[in-house]
Every structure is written in C-alpha cells, then in structure tokens.
Amino acid sequence: MPSFDTVLEADFVEVKNAVEQVAREIGTRFDFKGTSAAVELKDKEITLFGDADFQLQQVEEVLRNKLAKRNVDVRFLDKGKVEKIGGDKVKQVVKVRNGIATEDGKKIQQALKASKLKVQGAIQGDAVRVTGAKRDDLQAAMNVIKGELKDLPLSFNNFRD
C-alpha cells in the first residue's frame, strides 16, 4: 500500500548556523554595544537575553530574519514568557518545535476522515503515517492536511509506492 509520513522537523544545522550569525551580529551592531544582549542554543531551546523588553524584541527580530534567510520557517519557534533575571535584565526561552503533538496528530486524523478520502492516518510517535490504496488519494490527503493545519510547518517524507 502506498504511504507517506507527515512530520514536523526543523533543519537544526540551519537553526544552529542562524543562532551563530545572530550572536555575531549582536557583537558588531552599534545599538547592542555595552549591553547584555545575547543569544544561545542548548538542545532544542534558544535563549534570548537583553537589558529590557524592547531589546529582547530586537534580538528576536534579528533571529527571525536570520532564520528566514536560511529557509527555516519561523512557525517552528514557540516563544515562552519573558522572565526577569536580576536587576532590569530579562531573558526569553524560545523552543524549536520538533515532532507532531498528539492533539495535532488527532486533528490530522479527523481532517482525513472528514475529507471522505480512502486513506487512513496512524499516529506513530512524532509523525503521522498516512496510507491509502491510490497515489492520487495520498496527494489529495497532503493538500487536505496542508489546508487544515496552516499554523504548522508540516512536511511530508518517506513516500512509498
């Protein structure tokens, strides 16, 4: 049976390169000189540091621009709350999404059932495997999934005939 996997994975090499470019730009930009503005990447979390909320927003904007230039969808970013870390310094943790959450997997399954296509969706860990009898049905299923979950940067891989 033909099948494909619906996945949610960012290219972490590009994310790492973008974070390094942001750190370099923060070091050279005039408006960040002498401030505590910084960015660091640990596992799948990017931590932004700044002297105030406004500066944190500027660092985030630089990060978004660098990610966009490296073809990493900014919808992968899941911003956390701004936290005070002493004095007037603040930090914000931005998580890089990886893997489809269970609720989103269920939404994909419901969308496939509602479309009346002859395909089945099965949640397998961080991915949703879609199987069907015909290749055309699978391509229609891809369009249904993209249309239903616009807020997630989903990709399709492991296409088998």
Indicate the ring-plane relationship of Phe4 and Phe156, choosing parallel, tilted or perpendicular according to the 30° and 60° boundaries.
-> perpendicular
Starting from the C-alpha separation in whole Å, work towards a yes-or-no answer on side-chain contact (heavy atoms from CB on, under 4.5 Å) for Leu112 and Val130.
-> CA-CA 9 Å; Leu112 291 173; Val130 179; 3.8 Å; yes
Quick one: CG on Leu138 to CG on Asn143, what's the gap to the nearest 0.5 Å?
-> 11.5 Å
Roughly how far apart are Leu152 CG and Ile145 CD1, rounded to 0.5 Å?
-> 11.5 Å
Is the shortest distance from a Lys or Arg side-chain nitrogen in Lys107 or Glu103 to a carboxylate oxygen in the other one below 4.0 Å?
-> no
Is Arg75 salt-bridged to Asp73, cutoff N-O under 4.0 Å?
-> yes
Can any side-chain N or O of [X] pair as donor or acceptor with the backbone N or O of [Y] at less than 3.5 Å?
X     : Y     : value
Glu45 : Val96 : no
Glu40 : Thr47 : no
Lys79 : Glu60 : no
Gln55 : Asp51 : yes

Do [X] and [Y] land in one hydrophobic cluster if side-chain heavy atoms of ILVMFWY residues count as linked below 4.5 Å?
X      : Y     : result
Val59  : Leu41 : yes
Ile108 : Val7  : no
Val128 : Met1  : no
Phe49  : Phe32 : no
Val93  : Val15 : no

Within 6.0 angstrom of Asn157 CG, more than 12 heavy atoms from elsewhere | yes
Lys44 to Phe12 six-membered ring, cation-pi geometry met (6.0 Å, 45°) | yes
Pairs meeting criterion salt bridge (charged side-chain N to carboxylate O under 4.0 Å, His left out) with involvement of residues 15-32, two or more places apart = Lys16-Glu20, Glu25-Arg29, Glu25-Lys66, Arg29-Asp31
Passes side-chain contact (heavy atoms from CB on, under 4.5 Å), Val144 versus Leu117? Steps please.
-> CA-CA 10 Å; Val144 167; Leu117 291 171; 4.2 Å; yes
